Amino acid sequence: MDVFLTSWVLAALSIAAVVRERERVNAVLQREHRRVNVLAALTLALSQRHELGSVLEQIVRAAEELLPANGGASVTLWDAETETFTESASTVTWQLAGPAPRVRRTGGASRWVVDHGTPAVVPDAARDPFGANPMLAEAGLRAYAGVPMQAGGRIIGVLYVLEREPREYAEDDLTFLSALANRAANAILKVQLYEELSAARDHLEAQVAERTASLQAVAEALRLKNLDHAAAETAARAERDFSDTLIDSLPGVFYLVHPARRFLRWNKNLEQVTGYTGDELRALDAAQIFLAEDLPRVRENFMKVLQAGAAHVEARVQTRAGACVPYAFTGLRVTVGDAACMAGVGLDITERQESEAALRASEEHFAKMFQGSPVAMCLSTLAEGRILDANPAFLALFGCERAEVVGQVSVAVGLWPKPEQRAGFLAELGQRGNIFNRENVFRKKNGETGVALFSAERLHIAGQACVLVLFNDITARKQAEAAVETSRAQLRALLARLQRAREEERTRLAREVHDVLGQLLTGMKMDLAWCERRLGKISDPELGGALGEKHAALNQLADTMIESVQKIARELRPSLLDNLGLVAAIHSEARQFEARSGIACWVVAPSEMFALERHRATNVYRIFRRRSPTWPGTPRRRRCTFA
């Protein structure tokens with residue numbers, strides 16, 4: 001029985017360990033899924049925004065959701081030329097978007113992150129190594145972590161997450177926060193480049209219009225006033241120098257192409273990107289700098305510029321060395337002399353395409369995990385609970401086909417047997433933002449009910465509030481736990497019954513030993529007494545002495561046997577325990593121990609002994625006897641107290 005019980009306990013412990021490990025792995029996967037979703041959603045959202053303020057607000061909201069951070073998030077941009085912090089955005093009430101209200105050129109966590117290029121982590125603001133910040137205390141913030149925002153090999157700002165309680169930030173928290181900061185930095189840099197490009201384009205158009213008008217005025221003035229030819233050449237040279245300086249200062253590449261696809265003007269960046277010299281570009285067909293696969297699209301947009309006035313195209317530039325670089329080109333129709341030409345700029349979009357490829361890979365990775373996960377998962381709208389997608393594990397758990405689930409509300413599918421359960425779920429999800437391993441009853445298609453641990457996480461997909469729900473079916477585990485509990489109760493009852501049977505058998509044996517052997521030994525003592533009375537009548541002294549010695553030995557043996565019988569009966573079941581109670585039995589055992597060991601003993605017992613059931617009193621007595629130092633090798637003591 002002991003071996004069986006031990007094996008059962010070891011099996012139960014092994015099952016519990018497996019369940020805990022599975023729960024831990026599920027928690028890690030859910031946290032990683034949530035963070036990947038946040039990064040993917042942020043990348044998708046940033047790729048569609050071109051306003052700096054909107055991008056900054058999207059970044060701080062994503063950072064607050066990523067960790068999550070109950071104190072909010074903040075982002076501040078850094079201008080390395082002036083060594084000042086410029087635009088900022090935050091979800092904390094004391095800081096407003098726009099120019100930073102309080103700028104510190106030296107000192108502080110932000111300047112430290114910018115100077116060292118490493119995260120600044122403060123688990124407790126009370127021990128802030130960068131100095132006390134009164135703004136943190138005013139907002140009730142106790143911890144923060146700031147990471148550098150790096151793009152194009154330079155730091156352009158600092159991203160913070162803040163907490164209202166002290167917090168130890170894990171390594172994976174900083175890793176995901178740094179990944180978010182770098183993606184945000186690339187998005188900000190692209191917005192800034194876009195704004196610079198727009199400003200440069202507007203400025204270029206104004207300059208072209210202004211210079212065109214100026215040239216026309218100069219030409220008209222020269223025609224009317226017959227100015228000196230040398231003065232005209234000087235003005236034209238100055239104008240060209242100015243134009244060259246302006247064009248060379250533009251970001252990206254600049255080009256002015258004749259309708260015959262010949263380069264008329266270009267900046268130094270075009271020579272550096274393509275690897276061709278100025279003379280080679282002048283003699284080159286403009287279409288030759290593009291990859292052959294992109295030529296039809298480039299020619300189509302070239303004609304569109306000449307006809308409609310503007311066009312935009314993405315194409316790969318093939319350098320003289322054979323490398324391919326993706327560019328985004330913007331073309332405008334301008335008039336040079338009597339010819340309608342195309343002027344425009346191009347920006348390198350390698351980083352943008354890499355970001356888009358990374359986003360697609362992330363989405364594909366998430367889709368594979370969603371479909372291949374052994375955990376039942378479904379994606380539904382938050383407002384009405386309409387299911388958008390469900391993985392095969394979910395369909396197998398509920399016994400449904402995909403067409404029967406997608407497009408249906410969760411209550412109709414059986415996720416919530418009662419509508420009020422979903423109302424409580426939405427209230428808790430709105431309050432906490434997520435739910436983890438909450439036990440819930442669900443109903444299958446065939447009407448059967450089960451028990452599952454479900455977790456939920458809020459998501460935003462294409463601007464729509466959604467919720468990802470994960471179901472871990474524990475119906476079999478619940479049934480096994482009920483069976484285990486029933487088995488435990490049966491084992492406890494069996495053990496108690498065996499204990500009572502053993503005590504009853506000990507009581508019977510004690511009575512048999514006491515009554516039968518006691519009577520026999522008493523009769524022996526009486527016979528020995530009778531023999532002793534007759535020893536004096538033996539006439540032979542030698543025989544009388546021998547018989548006397550033998551009689552004394554037998555009498556001592558009988559006494560020893562009587563003591564042994566009493567000890568055996570007491571070991572089996574002390575009569576004092578049944579007749580006088582537990583306290584009397586313990587007192588008797590202490591006196592016997594004192595007599596055997598010579599150690600003074602005291603028993604401290606309540607004056608009024610509470611009543612115990614017979615089997616409970618027996619268990620207490622057995623425990624007392626095992627705890628008393630009666631075994632060999634016990635250290636000698638002068639006195640002992642039993643309470």
Side-chain angles (χ1 to χ4, degrees), residues 46 49-60 62-63 69 71-92 94-122 125 127-139 141 143-162 169 174 177-200 203 245-246 248-252 269 347-348 351:
L46 294 181
R49 298 181 183 273
H50 302 290
E51 300 81 15
L52 183 59
S54 177
V55 170
L56 294 179
E57 292 176 1
Q58 188 74 20
I59 290 169
V60 295
S74 175
V75 62
T76 303
L77 300 186
W78 169 252
D79 188 351
E81 294 182 359
T82 61
E83 294 190 351
T84 57
F85 293 99
T86 57
E87 289 84 2
S88 64
S90 175
T91 58
V92 185
W94 50 261
Q95 187 172 355
L96 301 176
R102 303 178 186 179
V103 178
R104 293 190 296 178
R105 295 180 180 273
T106 59
S110 298
R111 186 57 187 266
W112 189 91
V113 172
V114 170
D115 292 340
H116 294 81
T118 57
V121 180
V122 178
R127 298 186 298 274
D128 194 340
F130 305 106
N133 191 335
M135 297 168 62
L136 296 179
E138 292 173 5
L141 301 174
Y144 65 88
V147 297
M149 302 172 63
Q150 299 184 2
R154 58 191 180 93
I155 296 176
I156 67 169
V158 183
L159 177 62
Y160 285 99
V161 288
L162 307 105
Y169 292 90
L174 297 178
L177 189 60
S178 298
L180 173 62
N182 291 335
R183 294 192 181 189
N186 288 328
I188 292 172
L189 187 59
K190 290 177 182 178
V191 170
Q192 293 175 341
L193 290 176
Y194 179 82
E195 292 177 350
E196 292 176 1
L197 176 60
S198 299
H203 182 69
T245 303
L246 178 63
D248 288 337
S249 65
L250 292 176
N269 288 339
L347 292 178
D348 187 350
E351 292 185 0

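Model, not experiment: these values are computed from the prediction.
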Task: Set of side-chain hydrogen bond (donor to acceptor under 3.5 Å, both in side chains) partners for Asp115, sequence neighbours left out - done: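 So Asp115 forms a side-chain hydrogen bond (donor to acceptor under 3.5 Å, both in side chains) with Arg111.
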
TODO: Go through the structure and list residues passing side-chain hydrogen bond (donor to acceptor under 3.5 Å, both in side chains) with Asp348, not counting sequence neighbours.
DONE: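 If we apply the side-chain hydrogen bond (donor to acceptor under 3.5 Å, both in side chains) test to Asp348, skipping adjacent residues, the hits are Thr350.
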
- [ ] Test Tyr160 against Ser110 for side chain to side chain contact (heavy atoms under 4.5 Å, CB included), laying out the working first.
- [x] CA-CA 9 Å; Tyr160 285 99; Ser110 298; 2.6 Å; yes

Open item on the list: If we ignore hydrogens and angles and just use 3.5 Å, is the side chain of Asn186 paired with the main-chain N or O of Ala151 as donor and acceptor?
Closed with: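 Checking the backbone N and O of Ala151 against the side chain of Asn186, no donor-acceptor pair under 3.5 Å is found.
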
For [X], all residues meeting side chain to side chain contact (heavy atoms under 4.5 Å, CB included), sequence neighbours excluded:
| X | result |
| --- | --- |
| Ile156 | Met149, Arg154, Ala185, Ile188 |
| Asp79 | Glu81, Thr82, Thr84, Thr86 |
| Val122 | Asp128, Pro129, Phe130, Tyr144 |
| Ala145 | Val121, Val161, Tyr169, Leu174 |

Please report the closest heavy-atom contact between [X] and [Y], naming both atoms and the distance.
| X | Y | answer |
| --- | --- | --- |
| Ile155 | Trp78 | O-CD1, 3.8 Å |
| Ile59 | Leu180 | O-CD2, 4.5 Å |
| Val113 | Pro148 | CG1-N, 3.5 Å |

Open item on the list: Using 0.5 Å steps for rounding, measure from the OG atom of Ser90 to the CG atom of Leu56.
Closed with: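 The distance works out to 11.0 Å.
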
